[in-house]
Amino acid sequence: MKIVRNSDYYQSKEQYNVKCSKYNKDATITIFYRSVQMCKTDIQFTPIESGRKCSLWDENIPICPECPHLKK
């Protein structure tokens, strides 16, 4: 049996910094993950994306539906 993914590899969230072109501000995009068992025979869980968040939302800036950084 070959283990494909080490359990230490999994992170529940990932962050990266971007420059918002609409508001001309620096923003941090956070991608949240959750782990699921894709089929009954899987030994380890697979991380899948469960959502994204922009740090500008905390500054009362509304969600931009056309934002290229929040699209999957």
Side-chain angles (χ1 to χ4, degrees):
M1 177 189 307
K2 179 181 175 185
I3 296 177
V4 177
R5 179 171 284 126
N6 185 345
S7 61
D8 294 337
Y9 172 79
Y10 175 72
Q11 297 178 0
S12 60
K13 66 181 179 179
E14 183 178 306
Q15 294 182 327
Y16 61 95
N17 297 319
V18 296
K19 182 76 167 182
C20 178
S21 58
K22 184 173 182 177
Y23 296 104
N24 199 22
K25 291 186 173 188
D26 292 327
T28 301
I29 303 295
T30 305
I31 305 171
F32 298 97
Y33 295 95
R34 62 185 176 94
S35 55
V36 296
Q37 188 174 14
M38 300 300 273
C39 64
K40 291 181 181 179
T41 58
D42 285 349
I43 296 173
Q44 294 180 334
F45 290 93
T46 303
I48 61 169
E49 185 177 327
S50 62
R52 292 182 180 216
K53 181 183 180 217
C54 178
S55 64
L56 295 179
W57 298 348
D58 296 335
E59 299 176 16
N60 294 327
I61 294 178
I63 298 171
C64 303
E66 68 276 357
C67 180
H69 304 293
L70 294 176
K71 296 184 179 179
K72 290 184 179 181

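Atom set for the values below is all heavy atoms of this structure, side chains included, hydrogens, waters and symmetry mates excluded. Here the structure is a predicted model, which is why all the values come from computation and not from measurement.
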inquiry  = Show me the pairs that pass side chain to side chain donor-acceptor pair (under 3.5 Å) and involve residues 60-70, at least two apart or across chains.
reply    =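 Passing the test, one end in residues 60-70: Lys22-Glu66.
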message = Would you say Ile29 ends up clustered with Trp57 if hydrophobic residues are merged whenever their side chains have heavy atoms under 4.5 Å apart, either directly or through other cluster members?
response =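 Yes, it is one cluster - the side chains of Trp57 and Ile29 are joined through contacts under 4.5 Å.
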request  = Go through the structure and list residues passing salt bridge (Lys or Arg N to Asp or Glu O under 4.0 Å) with Asp42, not counting sequence neighbours.
outcome  =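 Listed in chain order: nothing, the list is empty.
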request  = Sequence neighbours left out, what passes salt bridge (Lys or Arg N to Asp or Glu O under 4.0 Å) with Lys40? Give chain and number order.
outcome  =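 If we apply the salt bridge (Lys or Arg N to Asp or Glu O under 4.0 Å) test to Lys40, skipping adjacent residues, there are no hits.
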Pairing residues for [X] by the side chain to side chain donor-acceptor pair (under 3.5 Å) criterion, not counting sequence neighbours:
X: Ser50; result: none
X: Ser21; result: none
X: Gln37; result: none
X: Asn24; result: none

Separation of [Y] [atom2] from [X] [atom1] (nearest 0.5 Å):
X: Leu56; Y: Tyr23; atom1: CG; atom2: OH; value: 8.5 Å
X: Arg52; Y: Phe32; atom1: CZ; atom2: CZ; value: 11.5 Å
X: Met38; Y: Ile48; atom1: CE; atom2: CD1; value: 6.5 Å
X: Thr30; Y: Glu14; atom1: OG1; atom2: CD; value: 10.0 Å
X: Ser55; Y: Asn17; atom1: OG; atom2: CG; value: 8.0 Å

ask   = side chain to side chain contact (heavy atoms under 4.5 Å, CB included) between Ile31 and Lys13: does it pass, once the steps are laid out?
value = CA-CA 5 Å; Ile31 305 171; Lys13 66 181 179 179; over 6 Å; no
